[in-house]
Amino acid sequence: MRSLSFLSMEHLFLLMSILSQCLKFGSGTAAVVHAGNGDGVQPLSKIAIHKAVYALHENASVKAQPLVLGTKGGDSDWVTVEIECPKPSEDDWIAVFSPANFRLKEFINGSSSICQPSDDMEQFPHICSAPIKYKYANDSDADYKKTGKSSLKFQLINQREDFSFALFSGGLSDPKLVAVSNVISFANPKAPLYPRLSQGKSWNEMTVTWTSGYNVIEAVPFVEWGMKGESQTRSPAGTLTFHQNDMCAPPARTVGWRDPGFIHTSFLKDLWPSSVYTYKLGHKLVDGSYVWSKSYSFKSSPYPGQDSLQRVVIFGDMGKAERDGSNEYSNYQPGSLNTTDQLIKDLKNIDIVFHIGDITYANGYVSQWDQFTSQVERIASTVPYMIARNDSGGECGVVAETMFYVPAENRAKFWYSTDYGMFHFCIADSEHDWREGSEQYKFIEKCLASADRRKQPWLIFVAHRVLGYSSSYWKDASFGEPMGRESLQGLWQKYKVDIAFFGHIHNYERTCPVYQGQCMHVGKSHYSGTVNGTIHVVVGGGGSHLSAFGPTQTSWSLYKDSDFGFVKLTAYNHSSLLFEYKKSSDGNVYDSFTISRDYRDVLA
């Protein structure tokens with residue numbers, strides 16, 4: 001057996017990542033203590049779909065209507081599913097499958113199939129693809145067990161394929177297929193949908209990424225755009241996708257796989273600062289006709305250093321949830337919809353969003369990425385939606401780096417910098433080596449050093465895992481990743497980073513301006529002059545099941561809240577910054593502070 005000394009640093013960090021995921025999602029003695037809000041288990045993973053057997057009953061039926069969805073141009077629609085079962089039980093459940101033809105008898109007969117056997121498959125299955133969502137048959141009718149009849153409502157989004165509904169008995173652990181519905185589909189299943197804006201590699205560039213069912217052989221993708229009220233131009237888009245063999249492990253490589261369609265990205269360049277632009281997504285088909293999305297708009301970035309009102313929202317670990325109540329959403333992502341809705345409600349007062357890791361919690365069930373991009377569409381289509389990476393479930397980071405654009409030099413290494421007016425952001429990739437001497441450490445120092453504090457006084461560091469201070473870890477009650485603080489706090493201090501934001505821990509915590517475990521500035525609500533320390537903020541309560549705090553009380557922790565929420569930064573000018581922590585339940589402010597200073601205070 002080879003010793004760890006033979007492993008490369010990338011392998012070591014991969015092992016650390018896997019171990020952390022086990023601690024985070026496992027049921028053993030985890031480093032993070034979870035509160036009672038949710039069980040943290042991906043609902044689709046509870047379904048033993050590879051063990052499903054046929055038990056079709058001639059008197060059982062499932063009927064879905066309407067047959068055609070999105071007839072008025074929408075990308076989501078409600079479906080009514082009527083169930084009749086002659087032998088009902090409390091653990092009967094309805095699965096939504098897409099594509100509709102999920103029954104794979106052909107595989108057993110020797111024909112080709114998307115099935116890929118895994119270690120836990122004792123024999124070739126009839127079904128080898130997980131549903132995209134589910135509900136229990138008695139969800140809306142407590143008398144289902146007596147009557148054998150139920151009517152359920154599902155909200156479906158356009159995911160490029162048709163749909164069918166299947167009734168199973170035997171619960172989630174021993175599924176038996178009893179009946180299958182008719183097929184339904186969207187009127188235009190390949191339509192361009194779910195645009196996601198991102199800052200480009202320069203301040204005057206905006207990127208637009210979206211999903212469609214059109215390969216470049218079928219249609220040429222582009223964006224038609226221009227300043228509001230003026231003539232429009234067109235910019236071409238590049239097209240990417242990924243395949244089942246790009247996934248590195250189950251379930252993404254097995255039952256969680258679903259074709260992602262095609263992901264297109266267009267670069268809108270030479271934008272005027274702080275100007276409103278309109279845009280729409282287009283595909284020119286081979287016959288010369290066009291397919292269009294609806295129209296959207298965004299406001300371009302201010303010039304770096306521009307003195308104007310600038311508002312930034314930061315949170316992590318949000319995930320997705322189902323508005324129709326399916327997938328036991330209250331047990332998995334109980335705060336996700338509240339966070340989303342609060343941001344939509346305040347969207348006119350938000351300029352840019354940072355979702356700092358653990359994006360969807362798809363955990364290898366690829367269908368959930370479409371559902372997430374649909375959930376955040378109103379936000380991501382209007383303001384830049386910047387992400388930091390963290391992945392699990394065998395996705396290898398491939399899905400995140402394809403579905404969302406970030407202005408990184410190498411998208412497989414998710415570290416990058418971006419400017420927004422008076423803010424300079426350095427985003428680290430906590431899945432890669434960040435220790436002194438590493439490639440990423442050199443990037444971090446270069447990024448921090450490049451900030452012109454006279455023009456961009458507000459310097460922000462971002463990473464997914466807690467590379468600084470958090471009371472939610474038992475070890476020293478202060479470490480996120482054990483070596484993070486030791487490796488990076490010298491850089492934060494040297495370049496006078498104002499705030500370091502982290503996710504991964506599902507709660508909110510703010511420290512004093514801290515260095516080497518000591519508060520460097522007195523006060524809790526206002527800081528002025530030379531602060532001489534970095535404020536560390538854990539803001540991982542975006543929506544996933546909550547984390548509790550450790551028992552140790554530390555001198556550097558000023559505010560803790562095991563609840564769902566997000567942070568909003570408001571820069572009024574070069575010398576005044578407002579920090580607000582808002583709860584997702586009501587959008588009210590529960591923690592805040594201000595910083596007032598001259599740029600000379602930073603250089604002192």
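Along the sequence shown, residues are numbered consecutively beginning with 1.
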Please confirm whether the backbone N or O of [Y] pairs with a side-chain atom of [X], one donor and one acceptor, at under 3.5 Å?
X	Y	result
S98	F163	no
Q42	A362	yes
T402	T241	no
R454	G305	no
S198	Y405	yes
D246	H243	yes
R196	V376	no
Q368	I132	yes
E218	N215	yes
S374	D370	no

Identify whether the distance between the nearest side-chain nitrogen and carboxylate oxygen of [X] and [Y] falls below 4.0 Å.
X	Y	result
K133	D324	yes
R453	D498	yes
E224	R234	yes
D346	R311	no
R411	E409	no

Query raised in the report: What is the minimum heavy-atom distance between G261 and D259, and which atoms define it?
Result: N-OD1, 2.7 Å
How long is the span from the [atom1] atom in [X] to the [atom2] atom in [Y], to the nearest 0.5 Å?
X	Y	atom1	atom2	value
R378	I344	CZ	CD1	5.0 Å
D162	L67	CG	CG	12.0 Å
F222	T233	CZ	OG1	11.0 Å
K455	M422	NZ	CE	14.0 Å
M403	L240	CE	CG	11.5 Å

Run the ring-centre check on [X] versus [Y] and record whether the distance is less than 6.0 Å.
X	Y	answer
W434	F414	no
W492	F461	yes
F315	H355	yes
Y527	F593	yes
H574	W458	no
W78	F154	no
F425	Y420	no

Any side-chain donor paired with an acceptor under 3.5 Å for [X] and [Y]?
X	Y	answer
S293	W210	no
Q371	T360	no
H432	D429	yes

Query raised in the report: Considering only heavy atoms from C-beta outward, does the side chain of S212 approach that of K190 to under 4.5 Å?
Result: no
Query - Minimum side-chain heavy-atom gap E161-P189 below 4.5 Å - result: no
Query raised in the report: More than 12 heavy atoms of other residues, nucleotides or ligands under 6.0 Å from OH of Y303: is that the case?
Result: no
Requested in this report: Look at atom NZ of K228 and say whether more than 12 heavy atoms of other residues, nucleotides or ligands are closer to it than 6.0 Å.
Outcome: no
Using 30° and 60° as the class limits, which term best fits the ring planes of [X] and [Y]: parallel, tilted or perpendicular?
X	Y	answer
F501	F579	parallel
F298	Y279	tilted
F372	W369	perpendicular

Requested in this report: List the steps and the verdict of salt bridge (charged side-chain N to carboxylate O under 4.0 Å, His left out) for R510 and D591.
Outcome: CA-CA 9 Å; R510 170 172 69 95; D591 182 34; 2.8 Å; yes
Report task. Check the pair D351 / K568 against salt bridge (charged side-chain N to carboxylate O under 4.0 Å, His left out), numbers first and verdict last. Result -> CA-CA 10 Å; D351 296 310; K568 184 176 182 180; over 6 Å; no
Report task. Check step by step if side-chain hydrogen bond (donor to acceptor under 3.5 Å, both in side chains) holds for W272 and S300. Result -> CA-CA 7 Å; W272 289 37; S300 58; over 6 Å; no
Report task. Kindly confirm or rule out a cation-pi arrangement of K583 over Y590, judged by NZ or CZ under 6.0 Å from the six-membered ring centre and within 45° of its axis? Result -> yes
Report task. Show the numbers, then the answer: is there a side-chain hydrogen bond (donor to acceptor under 3.5 Å, both in side chains) between T207 and E205? Result -> CA-CA 7 Å; T207 69; E205 179 181 64; over 6 Å; no
**Report entry** F354: which of T418, I387, I460 passes side chain to side chain contact (heavy atoms under 4.5 Å, CB included)
**Finding:** T418
Query raised in the report: In this structure, which one of E401, Q440, E431, E439 forms a side-chain hydrogen bond (donor to acceptor under 3.5 Å, both in side chains) with K413?
Result: E439
